[in-house]
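Following: one structure in structure tokens, then a few remarks.
Just so it is clear: chains get the letters A, B, ... in the order the sequence lines come, proteins before strands, and each one is counted from 1.
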Amino acid sequence: MTTSSLPGFRDFYPADLALRSHIFHTWREVAQRYGFVEYDGPPLESLELYTKKSGAEIVGQLYGFTDQGGREVALRPEMTPTFARMVAARAGGLPKPIKWFSIPQLFRYERPQKGRLREHFQLNLDIVGETSVASDAEVVAAAIDVLRAFGLGSEDFVARYSDRQLIAAVMIEMGVPEPSLPAAFAALDKADRESKEWILDRLLEAGVENAGTRERLTGLKDLTLDELSARFSHVDVVVARVERLGLFRRQIEAAGLGEFVLLDPGLVRGLAYYTGLVFELWDREGRFRAICGGGRYDDLLESVGGPDLPALGFGMGDVVLGELLRDRGLVPHSEAALDDFVVHVSEEVLPEALRIVHQLRAAGRRVGFDYRSRAVGKQFRAADQAGAGRVIVVGPEEVAAGECVVRMMDTGDEVRLSTSDLVGGSSGRPS
RNA sequence: GUGGGCGUAGCUCAGACGGUUAGAGCGCCAGGUUGUGGCCCUGGAGGUCGCGGGUUCGAAUCCCGUCGCUCACCCCA
């Protein structure tokens, strides 16, 4: 018998669950405000669903086993395959664009560390069937507004964005061999954390033989859109993607969110399947891991056997977000568990107290009382600990008069009320 | 998979040249207080000192091993 949970798994005591619920409520509220509807799928899926997209090497990183029917199954490590599967099954009949969100619990078998456990909840929000810049801006705006809804401002976080096609075209133009692109992406992805020498070494390993090319690549992340379009005006893809990013930027600004976004040509994200816009939300100081990441994946649905539909979306986990909210003091106090606590002065009046308790509960109020008819002082202390807003004292005198004493716990004010006025009366605190 | 740090009460931690019955604060329970919470006072419960072995008259303390937690690397969905 152990009292601890498995490594990387969390117990949610009431105070912890209060924060989780707050996160879920806020996620839902903002997603729905943007017109997304909620869906869910099974937490257990066929292992093949994941190996098909990511290859066999992913098996060591997920919770997989053989079930009693001999099926190879896995706890879902991400939502996208499930999402793709569900969209594929109904795509023909669904009006476009499809705007869905979900809050799945995801699992991965890895060494736990700060901001990264073996289990977490993640808001997944996606649009399917749209290639427009407006849909790009809509998804990024939604991610930003989610954090704003928690009370975070532009001084707290920033959305970095880039474009996969743009960066790939620029890299090739700079002299990166096409087969070296993925490794070059990976090397540049570390630019913020690693030294320039480290980046140069990794680029050489990636197969970028030309020293001048390597040098130019390290400066890529600092280029502006204007510089990119000026330097590569002869490359059609670069011109087109720069124009698209400019339009994206103007739409974000029109939404009033310009202060929250920052172009970062060095941002590529590890995932191979992104085909256009990529973005990540970070705390301004970079003290935490990425809060949210996403992008456009126009080829993914078809590649996993789904319909040929463009798509984009993001994932936002509850772990890093929770750490950030704690850090900024944005965790709401868990609301009091009780509206009323009914104190009975002696065991003889317990029946009358119970009548009042249940009358109040029937009216929708959260009501507690003492099970053991302890001293009044003890009952008050219990009421205080339970966070009761008011205490209703029922004693022999009150019962005889058909009244009770109502004490507001925050102010200490007391009034005598007719028992019939307790529910719906003007002195009753709205719940 | 690799490396660092840490394991003593529910929580945060003292105690470490080896030496009576292992402590504090907070929390919990009870009493002071048989009609009024927070503050205060008193008492109580709660520990295989992560586990196993070794050295020793004697180990929370020293040695070896092991497990766990944690941070970072790898990877990142």
Side-chain angles (χ1 to χ4, degrees), chain A residues 2-9 11 13 15 45 49-51 53-55 57-63 74-84 104 106-120 122 124 126 185-186 189-190 193-194 198 202 268-274 280 289-290 292-295 297 300 304 313-317 319-320 336 338 341-349 353 370 372-399 404-414 416:
Chain A
T2 175
T3 57
S4 59
S5 60
L6 285 169
F9 284 77
D11 292 323
Y13 287 90
E45 290 272 19
L49 189 64
Y50 306 110
T51 56
K53 181 188 124 196
S54 308
E57 67 276 10
I58 200 177
V59 173
Q61 295 174 40
L62 48 70
Y63 274 93
L75 289 170
R76 61 188 174 194
E78 57 169 325
M79 199 55 175
T80 304
T82 299
F83 176 66
L106 305 176
F107 307 86
R108 57 182 62 182
Y109 194 82
E110 287 183 320
R111 287 284 278 272
Q113 54 192 295
K114 187 172 163 61
R116 199 173 169 100
L117 307 172
R118 286 182 170 173
E119 147 280 314
H120 71 141
Q122 188 182 66
N124 274 247
D126 295 270
F185 279 155
D189 204 37
K190 305 285 185 197
R193 305 190 97 168
E194 301 289 346
W198 188 92
R202 287 293 293 262
V268 286
R269 289 186 58 72
L271 275 180
Y273 59 63
Y274 287 117
E280 290 179 344
R289 291 168 176 274
C292 166
Y297 51 96
L300 180 66
V304 298
F314 69 76
M316 181 187 297
V319 179
V320 175
L338 289 182
F341 192 100
V342 176
V343 167
H344 58 292
V345 172
S346 65
E347 198 158 3
E348 290 69 48
V349 295
D370 189 66
R372 288 184 284 165
S373 306
R374 290 180 297 179
V376 171
K378 296 299 176 193
Q379 295 192 38
F380 262 88
R381 182 170 154 76
D384 187 48
Q385 288 179 318
R390 13 175 247 187
V391 164
I392 292 153
V393 181
V394 178
E397 301 165 26
E398 288 84 357
V399 170
C404 47
V405 171
V406 177
R407 180 183 179 91
M408 307 309 293
M409 291 296 272
D410 50 358
T411 63
D413 293 342
E414 278 190 11
R416 241 178 127 92

Counterpart base for [N], defined by Watson-Crick or G-U wobble contacts under 3.5 Å:
N	answer
B:U48	none
B:C26	B:G10
B:U33	none
B:U70	B:G4
B:G38	none
B:C17	none

Taking the [atom1] atom in each of [N] and [M], what is the distance between them to the nearest angstrom?
N	M	atom1	answer
B:U61	B:U55	C1'	14 Å
B:G47	B:A24	C1'	15 Å
B:G50	B:C6	C1'	12 Å
B:G15	B:C73	C1'	35 Å
B:G4	B:A9	C1'	29 Å
B:G46	B:U34	C1'	30 Å
B:G18	B:U42	P	37 Å
B:G31	B:C71	C1'	47 Å

At under 4.0 Å between heavy atoms, which parts of nucleotides 33-45 of chain B does protein reach? Answer with one letter per nucleotide, 5' to 3': B base, S sugar-phosphate only, - none. --BBBB-------
Spacing of [X] atom [atom1] relative to [N] atom [atom2], expressed in whole Å:
X	N	atom1	atom2	value
A:F314	B:A77	CZ	P	16 Å
A:E110	B:U70	CD	C1'	16 Å
A:R118	B:G68	CZ	C1'	12 Å
A:D11	B:G10	CG	C1'	14 Å

Donor-acceptor contact present, side-chain A:Q61 to main-chain A:R108, <3.5 Å: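 It does not hold such a pair.
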Nearest heavy atom decides the nucleotide; on that basis, is A:G8 or A:Q113 closer to the 5' end of RNA chain B?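 Looking at the nearest nucleotide for each, A:G8 comes out on the 5' side.
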Name all residues meeting the ring-ring contact (aromatic ring centres under 6.0 Å, His included) criterion together with A:F314; count only those two or more places apart in sequence or in a different chain, and write none if there are none.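 Residues passing ring-ring contact (aromatic ring centres under 6.0 Å, His included) with A:F314: none at all.
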With sequence neighbours excluded, what pairs up with [X] under the side chain to side chain donor-acceptor pair (under 3.5 Å) test?
X	value
A:E348	A:S346
A:E398	none
A:D413	A:T411
A:R407	A:E414

Supply the atom-to-atom distance A:E45 CD to A:T82 OG1, rounded to the nearest 0.5 angstrom.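 Between A:E45 CD and A:T82 OG1, I get 3.5 Å after rounding to 0.5 Å.
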B:A30 phosphate, OP1 or OP2: any side-chain N/O from A:R372 under 4.0 angstrom?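 It does, given that an N or O in the side chain of A:R372 lies less than 4.0 Å from OP1 or OP2 of B:A30.
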Measuring to OP1 and OP2 of B:C71, would you say a side-chain N or O of A:R111 lies under 4.0 angstrom away?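 Checking A:R111 against B:C71: no side-chain N or O falls below 4.0 Å of OP1 or OP2.
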Within the modelled atom types, does a donor on one side and an acceptor on the other bring the side chain of A:Q61 and the base of B:A77 under 3.5 Å apart?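 Indeed, a donor on one side and an acceptor on the other fall under 3.5 Å apart.
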Could you check whether A:R118 makes a cation-pi contact with A:Y109, meaning its NZ or CZ is under 6.0 Å from the centre of the six-membered ring and within 45° of the ring axis?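 Pair A:R118/A:Y109 counts as cation-pi.
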A:R374 near the nucleic acid: base, sugar-phosphate alone, or nothing, with a heavy-atom cut-off under 4.0 Å?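 Sugar-phosphate only.
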